[in-house]
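Shown next, in structure tokens, is the structure this report addresses.
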Amino acid sequence: MFSNSLRLPSRLLSKLKVSRGLCSVPAPVFEDSGDFLRLSSNGVRVFDLLEDNDIPAVRRLYNMLLKQCTVSKRLTQGRIVHGHVVKSLFCYNLVMHNTLLNMYAKCGSLEEARKVFDQMPERDFVTWTTLISGYSQHGRPCDALLLFNQMLRHGFSPNEFTLSSVVKAAAAEPRGCCGHQLHGFCLKCGFDLNVHVGSSLLDLYTRYGLMDDAQLVFDALESRNDVSWNALIAGYARRCGTEKALELFQGMLREGFRPSHFSYSSLFGACSSTGFLEQGKWVHAYMIKSGEKLVAFAGNTLLDMYAKSGNIHDARKIFDRLTKRDVVSWNSLLTAYAQHGFGREAVCWFEEMRKTGILPNEISFLSVLTACSHSGLLDEGWHYFELMKKDGLVPKAWHYVTIVDLLGRAGAFDRALRFIREMPIEPTAAIWKALLNACRMHKNMELGAYAAERVFELDPDDPGPHVILYNIYASGGRWNDAARVRNKMKKSGVKKEPACSWVEIENAIHMFVANDECHPQREEIGRKWEEVYTKIKELGYVPDTSHVVVHVDQQEREVNLQHHSEKIALAFALLNTPPGSTIHIKKNIRVCGDCHSAIKLASKAVEREIIVRDTNRFHHFKDGSCSCRDYW
DNA sequence: ATAGGGTTAG
């Protein structure tokens with residue numbers, strides 16, 4: 001009947017190895033027909049082994065098949081093997097059940113894993129560890145910690161495998177706050193110096209902001225590997241410790257460890273969030289030199305880094321060079337175009353993405369919607385909002401915010417209000433902030449005051465809306481109302497965040513605040529701005545004093561305005577960069593309206609391209625106009 | 001048989 005079957009003596013079976021590489025794992029072969037079991041792996045068949053009556057070999061084969069399913073995450077095939085294991089009860093043993101449990105856990109089917117666990121006639125510490133790690137790896141830290149508790153109560157001792165999973169779970173569960181206790185427990189068990197346990201411990205400490213504790217764990221490790229280095233680098237990267245992260249990166253290189261996508265991804269993210277573009281470029285150069293391919297994980301962060309530092313063209317280049325693109329790559333590109341106000345490009349690339357067969361997710365839609373609202377593409381934005389629902393995605397609060405923004409910016413206030421009334425969620429502070437901002441653009445005082453009141457109810461501590469309402473009143477000449485807003489701020493203790501701007505020149509970041517009196521180059525900077533000021537006045541610049549939130553007379557207002565941090569930063573950059581080069585300025589809050597008009601004209605007067613990043617977008621100033629077309 | 005580190009939006 002099975003004359004074609006290849007009969008292999010069972011001693012050969014021990015030579016079969018499951019490859020751990022993700023792609024090189026062969027799929028188990030299933031020839032399940034009738035009552036006969038012909039499951040095979042690499043040519044060895046269960047049937048043949050059964051004929052040999054070689055039960056240990058059958059067990060080994062089942063284990064191997066399950067392992068293949070686990071590594072290649074083939075849940076469906078794993079279930080079939082499970083069925084066979086159940087049928088041949090005579091070859092049951094604990095190891096095989098642990099393997100089975102692990103197959104379900106690693107494939108992310110934790111309900112099935114739990115069922116296997118609950119029905120197991122006997123369990124050992126590996127059984128518990130397997131399920132704990134399953135929960136820990138699949139975003140269910142609470143279940144992992146709960147199970148760990150039960151494991152201890154049942155009298156099982158955890159090993160280093162258990163503890164690294166448990167610590168990982170604790171790091172993901174901030175309510176737990178059991179970091180130090182767990183560390184003590186690991187120490188008591190004698191596993192605190194193990195690389196795996198130690199790496200997750202130091203990761204936990206960095207997530208709680210306890211950097212010194214993390215460093216201590218790192219220094220005490222009995223051996224280091226790339227993972228422990230990466231955990232520490234990522235920790236500093238997350239907490240804006242870019243210099244320290246870069247220092248660690250060099251330490252890693254000095255000690256001969258090869259950086260991986262984990263290291264690069266963390267470093268690019270760190271450089272991006274703290275504006276260390278030059279250092280980021282250096283790391284990028286190192287990555288190229290070491291022959292590392294540009295794969296999605298590190299590449300996406302790199303793309304984001306260039307985009308966030310204002311270099312949209314470099315960001316695009318990275319996208320083109322990615323060896324493989326995932327949803328995040330596309331989203332990062334869309335986000336980049338959205339933030340730079342390139343609405344048309346974002347829409348084009350969104351369409352391209354759909355054509356390529358990549359399924360847009362919530363973030364893709366959020367990006368394309370943001371792009372539409374920033375560019376005034378009202379119909380397109382509305383179209384994508386509808387499309388999103390048709391695609392079966394449920395819009396979240398931020399999607400609603402973007403639509404309010406879209407309608408509000410376009411001046412469609414009736415539609416915006418109706419939309420807010422009819423949407424299925426309670427309006428959040430962000431919804432009213434979006435409407436308030438639209439009222440500022442269109443100088444709609446009545447609705448602006450109403451929206452501001454709603455914001456004050458929902459988020460009373462944010463100084464931004466107070467300042468916007470002040471500006472709405474001031475620009476309409478209603479100084480009494482403006483003064484009332486200012487007094488309200490004073491009374492409730494809401495402080496306007498001090499504005500600052502900064503520029504990165506040759507590896508150094510130069511920061512400026514308004515009326516900066518202590519900068520070494522302040523006189524030169526002052527003279528430079530005078531020079532620019534004279535030129536832009538000739539081009540028609542009229543100071544707009546409604547942006548000064550202090551109570552002083554007109555003369556003083558005009559003087560004040562010229563000392564805004566973005567103007568000082570621009571003058572400084574003009575002094576310290578080669579003629580004709582692009583100037584990048586960053587700001588911690590929205591660009592002031594007056595500075596926006598001044599910089600527009602300055603870009604023409606000094607013949608420079610000037611890119612300013614504020615809290616929510618980029619402005620590309622060139623030849624007297626801005627990429628936002630004053631639509632911001 | 002069981003383990004640790006990384007990305008996009010707001």
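Chain naming here is simple, since letters A, B, ... match the order of the sequence lines and numbering starts at 1 in each.
- Note: CG (A:Asp405) to C1' (B:dG10) measures 12 Å, nearest angstrom.
- Across all strands, A:Lys308 comes closer than 4.0 Å only to sugar-phosphate atoms, never to a base (heavy-atom distances).
- For DNA chain B, the neighbouring residues in residues 393-401 of chain A, judged by any heavy atom under 4.0 Å, are A:Trp398.
- Atoms CG and CG, on A:Leu232 and A:Leu248 in that order, are 5.0 Å from each other to the nearest 0.5 Å.
- One cannot find a donor-acceptor pair under 3.5 Å joining the base of B:dG4 and the side-chain atoms of A:Asn194.
- Considering only side-chain atoms of A:Ala234, the nucleotide from B:dG6, B:dT8, B:dG4 that sits closest is B:dG6.
- At the heavy-atom level, A:Asn361 lies nowhere under 4.0 Å from the strands shown.
- Distance CD1 (A:Ile425) to C1' (B:dG10): 13 Å, rounded to an integer number of Å.
- A:Glu362 comes within 4.0 angstrom of nothing in the nucleic acid, heavy atoms only.
- Rounding to whole angstrom units, CG of residue A:Leu131 and C1' of B:dA3 are separated by 15 Å.
- Taking every side-chain heavy atom of A:Asn102 into account, B:dT2 is the closest of B:dT8, B:dT2, B:dT7.
- Following rounding to the nearest Å, A:Ile358 (CD1) and B:dT7 (P) show an atom-to-atom distance of 20 Å.
- The side chain of A:Gln137 places no N or O atom within less than 4.0 Å of a non-bridging phosphate oxygen (OP1 or OP2) of B:dT2.
- Looking at residues 159-166 of chain A, you'll see A:Asn159, A:Glu160, A:Phe161, A:Ser164, A:Ser165 sit with a heavy atom under 4.0 Å from some atom of DNA chain B.
- For the residue pair A:Thr301 / A:Ser265, a side-chain donor-acceptor distance below 3.5 Å is found, with atom types taken as modelled.
- A:Ser329 places no side-chain N or O within 3.5 Å of a backbone atom of A:Ala296 that could act as its donor or acceptor partner.
- Using a 4.0 Å cut-off between charged nitrogen and carboxylate oxygen, A:Lys281 and A:Asp314 do not count as a salt-bridge pair.
- Here A:Asn63 lies out of heavy-atom contact (under 4.0 Å) with every strand.
- Among the protein residues, A:Ser265 comes within range of the sugar-phosphate backbone only, with heavy atoms under 4.0 Å from sugar or phosphate atoms but none that close to a base.
- Of the candidate nucleotides B:dA1, B:dG4, B:dG6, B:dA1 has the atom nearest to the side chain of A:Asn98.
- Separating the CZ atom in A:Phe191 from the CD atom in A:Glu222 is a distance of 10.0 Å, to the nearest 0.5 Å.
- Near DNA chain B, meaning a heavy atom under 4.0 Å from it, residues 116-125 of chain A has A:Asp124 in order of number.
- Side-chain N/O atoms of A:Asn63 and A:Thr99 include a donor and acceptor closer than 3.5 Å.
- If you take CH2 of A:Trp432 and C1' of B:dG10, they are 19 Å apart, rounded to a whole angstrom.
- Note: A:Tyr384 OH to A:Ser364 OG = 12.0 Å, rounded to the nearest 0.5 Å.
- A:Val328 meets the side chain to side chain contact (heavy atoms under 4.5 Å, CB included) test with A:Asn300, A:Asp326, A:Ser332; sequence neighbours excluded.
- Scanning for side-chain hydrogen bond (donor to acceptor under 3.5 Å, both in side chains) contacts around A:Ser272 gives an empty result, with sequence neighbours left out.
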Ring pair (Phe, Tyr, Trp, His ring centres under 6.0 Å) evaluation trace for A:His180 with A:Tyr205
CA-CA 9 Å; A:His180 282 111; A:Tyr205 279 133; 5.2 Å; yes
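- As judged by a 4.0 angstrom heavy-atom cut-off over every strand, A:Arg59 is placed among residues making no nucleic acid contact.
- Distances shorter than 4.0 Å separate none of the side-chain N or O atoms of A:Lys106 from OP1 or OP2 on B:dA1.
- For A:Lys67 and B:dT2, the NZ to C1' distance is 10 Å, given to the nearest whole Å.
- The side chain of A:Phe262 sits closest to B:dG6 out of B:dG6, B:dG10, B:dT2.
- At whole-Å resolution of the value, CG in A:Asn300 and P in B:dT8 are 9 Å apart.
- Contact check, A:Gln339 against B:dT8: no side-chain N or O comes under 4.0 Å of OP1 or OP2.
- The aromatic ring of A:His196 does not sit over the base of B:dG4, since the test of centres under 5.5 Å and planes under 30° is not met.
- Applying the 4.0 Å criterion to OP1 and OP2 of B:dG6, one finds that A:Arg207 has a side-chain N or O inside that range.
- When distances run from any side-chain atom of A:Ser133 to the nucleotides B:dA3, B:dG4, B:dA9, the shortest one goes to B:dA3.
- Within a heavy-atom distance below 4.0 Å of DNA chain B, the residues of residues 318-337 of chain A found are A:Val328, A:Asn331, A:Ser332, A:Thr335.
- Rounded to whole Å, atom P of B:dG6 lies 16 Å from atom OH of A:Tyr236.
- Here A:Arg79 pairs with A:Glu112 in a salt bridge; the nearest charged N to carboxylate O distance falls below 4.0 Å.
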Stepwise, does the side chain to side chain contact (heavy atoms under 4.5 Å, CB included) test hold for A:Arg114 with A:Asp118?
CA-CA 6 Å; A:Arg114 184 74 203 208; A:Asp118 287 338; 3.5 Å; yes
Stepwise side-chain hydrogen bond (donor to acceptor under 3.5 Å, both in side chains) test for A:His97 and A:Arg123
CA-CA 9 Å; A:His97 258 81; A:Arg123 301 179 191 130; over 6 Å; no
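- Checked against the 6.0 Å centroid criterion, the rings of A:Phe218 and A:Trp229 qualify as a close aromatic pair.
- Considering A:Leu406, A:Asp405, A:Ile403 in turn, A:Ile403 is the only one that fulfils the side chain to side chain contact (heavy atoms under 4.5 Å, CB included) rule with A:Leu369.
- Under 3.5 Å, the side chain of A:Ser200 and the base of B:dG4 form no donor-acceptor pair of N or O atoms.
- Counting non-hydrogen atoms of other residues, nucleotides and ligands closer than 6.0 Å to NZ of A:Lys293 gives a total of 12 or fewer.
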